[in-house]
Amino acid sequence: MPLSDWADRLLARDRDAVAPALNLADDARPEAVAATRTLLDRLESEAPQRALRIGITGAPGAGKSTLIDALVRELRANDRTVGIIAVDPSSQRSGGALLGDRMRVRSGASDEGVFLRSMAARSRLGGLADATRAGVEILAAVFDWVLVETVGVGQSESDVAHLVHSLAFVAHPDAGDSLQFIKAGILEWPDLFVVNKADLGPSAERSAAELEASLGLASAREDGWTPPVLLASARDSRGVSEIRECLEAHRAHLEANDQLEVRLRAGRRHSLVAALERRYGHFGIEALGGREALEKKIEASPQPSASLALKLAEAIEAKLREG
Ligand SMILES: Nc1nc2c(ncn2[C@@H]2O[C@H](COP(=O)(O)OP(=O)(O)O)[C@@H](O)[C@H]2O)c(=O)[nH]1
Ligand SMILES: [Mg+2]
């Protein structure tokens, strides 16, 4: 099937086009890379950006996958379709089947309203960030909500924050965690904190109170949003509708402040610069006049991100050849 048909089918929200499109985006051969670029350009300029994009991050074992499973059932009960990308290093061992199996069992394999793609965090480094972004753009064309599960280890919070509208941080109910959050510089990114495993007893409430206190010490956010701290038990599906409501409230907050598109565009800009920096290093960015000038250039360009990325890469290579 010609590529333009896949794009048309995604734009018509055809679920059957999602898997082949994701495979295309995963294909490193030059013709597939070029085709993916065309596809992503079309989605960026033609798809209505209606999907709510949510990042779910937190330490391994915090309960992110379990929470996503519960959230998917909550969203399906509210007639929302959901696409999920799980970037999970542990799925390397389990073959990426962990969350998938659980969801197939509980949400039903025949549910057309749910789509899951696991990406093992293979040694692709930068490639993973690009593949995740492509996956999010593809899922966002078709589904109402897009959930991205990533393991949080400091830096990855800012990476995933640039992919989504809202970032939720899932925390263990251990006292003392919040000090680690502060050390890792994590607190500034999430729009919502969930202290999970509240069924384990009072330690969850203590953690939530501590977390709230640490957040109270942080300076007020420029965007005027105060990230709530919610208690939940993903295992018992407790607190899950509150999480959905909070994410919807955050979307409404972004919309009311005209930040929905702005945040998406800023995220694309950030990812584009980050990709160029990974590939060409600091030299490459300087060759185009430095980060600030480059960001301005990207902001002013009418070209969609994927083809703009190619154009900028070519400009850097030309400069480097000139010496
Ligand atoms: N008691 C309890 N256990 C939970 C809860 N949520 C997840 N778990 C368990 O915690 C472990 C890690 O969960 P998982 O969702 O895989 O964590 P992830 O690594 O953050 O994706 C599993 O054994 C889950 O069954 C919860 O709300 N309560
Ligand atoms: Mg997981």
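Note that ligands are numbered from 1 as they come in the structure, with each ligand's atoms numbered from 1 the same way.
Considering backbone and side-chain atoms together, L67 places no N or O closer than 3.5 Å to any N or O of ligand 1. Of the polar atoms of A198, none of the N or O atoms is found under 3.5 Å from an N or O of ligand 1, judged by distance alone. Considering backbone and side-chain atoms together, R235 places an N or O closer than 3.5 Å to an N or O of ligand 1.
With a 4.5 Å cut-off on side-chain heavy atoms, R235 and K197 do not count as touching. Looking only at side-chain heavy atoms (C-beta outward), E44 and R268 come within less than 4.5 Å of each other. Side-chain atoms of R37 and L310, non-hydrogen and from C-beta on, do get closer than 4.5 Å to each other.
Only the backbone of P60 comes within 4.0 Å of ligand 1, judged by heavy-atom distances. Heavy atoms of N196 found under 4.0 angstrom from ligand 1 belong exclusively to the side chain. Of all the heavy atoms of L200, the ones lying under 4.0 Å from any atom of ligand 1 belong exclusively to the side chain. Contact annotation: for D199 versus ligand 1, heavy atoms closer than 4.0 Å belong to the side chain alone. The part of A59 lying near ligand 1 is the backbone, judged by heavy-atom distances below 4.0 Å.
A salt bridge between R291 and E277 is present, with a side-chain N of the basic residue lying under 4.0 Å from a carboxylate O of the acidic one. Between R279 and D130, no side-chain nitrogen of the basic residue sits less than 4.0 Å from a carboxylate oxygen of the acidic one, so the salt-bridge criterion is not met. Under 4.0 Å is where a charged nitrogen must lie from a carboxylate oxygen, and between E210 and R206 no such pair does. Between R42 and D8 there is a salt bridge, with a side-chain nitrogen of the basic residue lying less than 4.0 Å from a carboxylate oxygen of the acidic one.
Each of T66, D199, N196 was evaluated against S233; a single residue qualifies, D199, per the side-chain hydrogen bond (donor to acceptor under 3.5 Å, both in side chains) test.
Looking only at N/O/S atoms, E149 comes nearest to the Mg ion (ligand 2) through OE2.
Near S233, meaning under 4.0 Å from one of its heavy atoms, ligand 1 places the atoms 27 (O). The ligand atoms of ligand 1 that sit less than 4.0 angstrom from a heavy atom of E149 are 21 (O).
Distance check for S65 against the Mg ion (ligand 2): an N/O/S atom falls below 2.8 Å.
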